[in-house]
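All of these numbers come straight from a predicted model, not from anything done at the bench.
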Amino acid sequence: MLISRYINRHVALRGIFHLSPVAKYSTKPDPYTEKVSRARFDCIEQLKKADPNSLLISKMYPEYLRDSFIGLKSFNIELSKISFAFQPGATSKSKELNNLKFLFWSQQIDKCSQLNLDNAASILLDINEPSTILIGDTILKNLVLNPEMLKQMITSHQHFYNENSTVGFRNVDEICSFGEGTHSQINYLMQSILLSPSLTGFSNIGIDLLELPNSNDLRNTLTDISAHLGQATSISSFLIALKYFATKKQTLMLPSDSLIKYKLPEEVVLRYLQGREVEEQMQVKELLKNVVFDIATLANDHIITARTKLEKATKLSLKLAIENNKPDLVSALKREKKSFPECLFLPYISGIPTILYLERLEKYDFDVLHPKLAFKDWRLAFRLWNADRTRSV
């Protein structure tokens with residue numbers, strides 16, 4: 001059933017490009033399939049360079065959903081290119097130009113949101129960025145995707161560019177707010193895609209669960225897990241990028257209130273992260289570890305909360321089915337790993353690279369400049385496999 005839906009979609013899309021009779025029987029890919037294939041290749045190449053962890057995570061998704069995940073991750077990278085492109089002393093004209101780039105991406109999402117099989121031939125002509133081509137393809141596949149969440153990602157990146165990029169963050173709540181508007185939105189988007197009614201045979205069990213009476217607690221718990229993991233990811237991302245921002249952008253991405261707490265001058269920490277000599281270097285190093293410890297602890301608190309809520313969601317799922325006297329749903333749940341549906345669990349594996357980084361950061365005594373933190377973590381593949389097996393993060 002699921003395969004036939006996608007065959008029918010591609011047949012319909014071939015038609016919108018008005019192929020000639022010869023082309024219809026050609027073994028060559030039709031123009032639309034070729035366009036999507038090129039976009040997929042470009043997004044994968046981008047992830048290889050900028051976010052290899054997400055490329056590995058994409059392999060955990062069913063093949064027909066990987067393009068959606070890859071497209072969303074690539075879209076976030078494209079926005080990061082703008083929001084992280086600030087330069088100290090940039091002119092107002094330069095800032096205005098970058099804000100126009102955000103407007104361009106907003107217009108791309110507007111075009112995607114208008115897509116359907118009837119108007120695709122004309123609208124697809126204006127969608128030429130690899131990430132938005134895959135997002136548009138997600139919509140044409142009849143998968144549930146809320147464009148407003150993509151707009152929220154743009155807004156969050158633009159806010160960071162205009163408010164935080166050159167002065168950093170006042171407190172860790174501002175980092176979490178950025179994470180909620182970016183990484184958490186991707187989790188929400190994947191949740192909605194995975195629960196698309198068109199994914200017959202895959203999403204049914206999750207949809208049936210969430211449509212049961214008294215399922216609001218489960219709905220809220222699932223959303224909370226995505227939110228906490230997204231915020232933890234944001235915190236760890238800025239810890240990972242501390243040296244980059246210090247050396248390339250001359251900006252310190254540590255909350256100013258944390259620096260004040262330990263009486264650490266921003267200029268001194270900036271010089272230290274840039275590898276320049278500072279007075280009382282060992283003391284600065286130890287105080288910086290304290291700052292990083294406090295921030296990493298908050299990220300870990302989000303992880304602990306997400307794990308607690310995931311355990312709760314697992315128990316709630318089976319309990320709801322039993323209480324509502326749904327024997328078929330109970331049987332279906334018991335066939336799932338740990339009685340928790342894959343369509344509900346998959347978005348949460350995006351938090352595993354963050355968990356691994358926080359574990360390594362603790363191992364190296366919260367020294368963000370420790371050389372071994374720069375190495376690729378070989379454990380990710382195993383942890384992803386184990387997460388899928390145990391339905392835990």
Side-chain angles (χ1 to χ4, degrees), residues 43 46-47 50-58 60-61 68-84 102 105 109 131 135 145-161 163-165 169 172-194 222-242 244-245 253 255 295-296 298-307 309-310 345-358 361 377 380 383-384 387 393:
C43 288
Q46 185 179 55
L47 289 181
D51 190 4
N53 288 339
S54 288
L55 187 57
L56 184 56
I57 290 170
S58 71
M60 301 298 293
Y61 281 86
S68 301
F69 179 78
I70 289 169
L72 291 175
K73 286 292 184 176
S74 178
F75 180 68
N76 193 49
I77 292 171
E78 291 293 346
L79 296 177
S80 297
K81 287 180 182 178
I82 309 171
S83 60
F84 298 163
F102 286 118
W105 285 105
I109 297 305
S131 60
I135 288 170
L145 185 145
N146 186 350
E148 290 306 312
M149 292 183 181
L150 295 166
K151 289 288 193 73
Q152 179 59 56
M153 291 174 66
I154 297 171
T155 300
S156 297
H157 276 281
Q158 189 167 15
H159 177 82
F160 172 84
Y161 176 76
E163 303 297 331
N164 302 111
S165 61
F169 299 102
V172 75
D173 288 342
E174 290 188 351
I175 302 178
C176 291
S177 178
F178 177 77
E180 172 63 25
T182 54
H183 301 290
S184 296
Q185 297 299 315
I186 295 175
N187 293 339
Y188 302 148
L189 284 159
M190 287 311 303
Q191 277 184 319
S192 64
I193 288 169
L194 288 161
L222 295 172
T223 302
D224 288 347
I225 297 167
S226 290
H228 284 292
L229 290 175
Q231 292 175 50
T233 299
S234 181
I235 294 172
S236 68
S237 296
F238 280 106
L239 287 176
I240 293 169
L242 272 181
Y244 166 80
F245 281 110
M253 287 300 168
I295 298 169
L298 288 169
N300 195 55
D301 288 345
H302 281 294
I303 297 296
I304 291 171
T305 304
R307 284 172 169 162
K309 287 181 177 288
L310 182 53
F345 174 72
L346 272 177
Y348 307 142
I349 61 177
S350 290
I352 292 178
T354 292
I355 295 168
L356 289 174
Y357 175 75
L358 292 173
L361 188 61
D377 198 323
L380 179 58
R383 291 288 282 268
L384 289 172
V393 294

Stepwise ring pair (Phe, Tyr, Trp, His ring centres under 6.0 Å) check, F84 with Y244: CA-CA 10 Å; F84 298 163; Y244 166 80; 7.6 Å; no
I'd like to check Q185 versus S156 (side-chain heavy atoms, cut-off strictly below 4.5 Å). Are they in contact? no
Residues forming a side-chain contact (heavy atoms from CB on, under 4.5 Å) with I240, sequence neighbours excluded: Y357
Just how far is it from atom CG of L229 to atom NE2 of H183, taken to the nearest 0.5 Å? 12.0 Å
Donor-acceptor side-chain pairing of S131 and E78 below 3.5 angstrom: no
Can you confirm if the aromatic rings of F169 and F178 lie within a centre distance of less than 6.0 Å? no
State the OG-CD1 distance between S226 and I186, to the nearest 0.5 angstrom. 11.5 Å
Using side-chain contact (heavy atoms from CB on, under 4.5 Å), reason through L189 and M153 one step at a time and then give a plain yes or no. CA-CA 11 Å; L189 284 159; M153 291 174 66; 4.2 Å; yes
Side-chain touch I109/F75, heavy atoms, less than 4.5 angstrom: yes
Stepwise, does the side-chain contact (heavy atoms from CB on, under 4.5 Å) test hold for H157 with W105? CA-CA 11 Å; H157 276 281; W105 285 105; over 6 Å; no
Rounded at 0.5 Å granularity, tell me how far CG in L361 sits from CG in L239. 6.5 Å
Could you pull out the closest heavy-atom pair between I57 and S350, with the gap in Å? CD1-CA, 3.9 Å
Please check: side-chain N/O of S184 versus main-chain N/O of G181, any donor-acceptor pairing under 3.5 Å? no
Hey, are the side chains of R383 and I355 touching, using non-hydrogen atoms and a 4.5 Å cut-off? yes
Has the side chain of S58 got a donor or acceptor atom that lies under 3.5 Å from a matching backbone atom of L55? yes
Report yes or no: does Q231 contribute a side-chain atom to a donor-acceptor pair with the main-chain N or O of A299 at less than 3.5 Å? no
Using every non-hydrogen atom in the two residues, find where M190 and F69 come nearest and quote the distance to one decimal. SD-CA, 3.8 Å
Nearest-0.5 Å distance, CG of residue L47 to OG of residue S54: 6.0 Å
Which value, rounded to the nearest 0.5 Å, describes the distance between L310 atom CG and I303 atom CD1? 11.5 Å
Heavy-atom distance under 4.5 Å between the side chains of I352 and N53, does that happen here? no
Note, T354 side chain near H302 side chain (heavy atom, < 4.5 Å): no
Residue pair F345, L194: steps toward the side-chain contact (heavy atoms from CB on, under 4.5 Å) verdict: CA-CA 10 Å; F345 174 72; L194 288 161; over 6 Å; no
Is Y348 reaching over with its side chain to a backbone N or O of L222, donor-acceptor style, under 3.5 angstrom? yes
To the nearest 0.5 angstrom, please state how far the OH atom of Y61 sits from the CD1 atom of I193. 8.5 Å
Please report the closest heavy-atom contact between H228 and T305, naming both atoms and the distance. NE2-CG2, 3.4 Å
Step by step, would you call N164 with I175 a side-chain contact (heavy atoms from CB on, under 4.5 Å)? CA-CA 10 Å; N164 302 111; I175 302 178; over 6 Å; no
Heavy-atom nearest pair, N187 first then P347, reads OD1-O, 3.6 Å
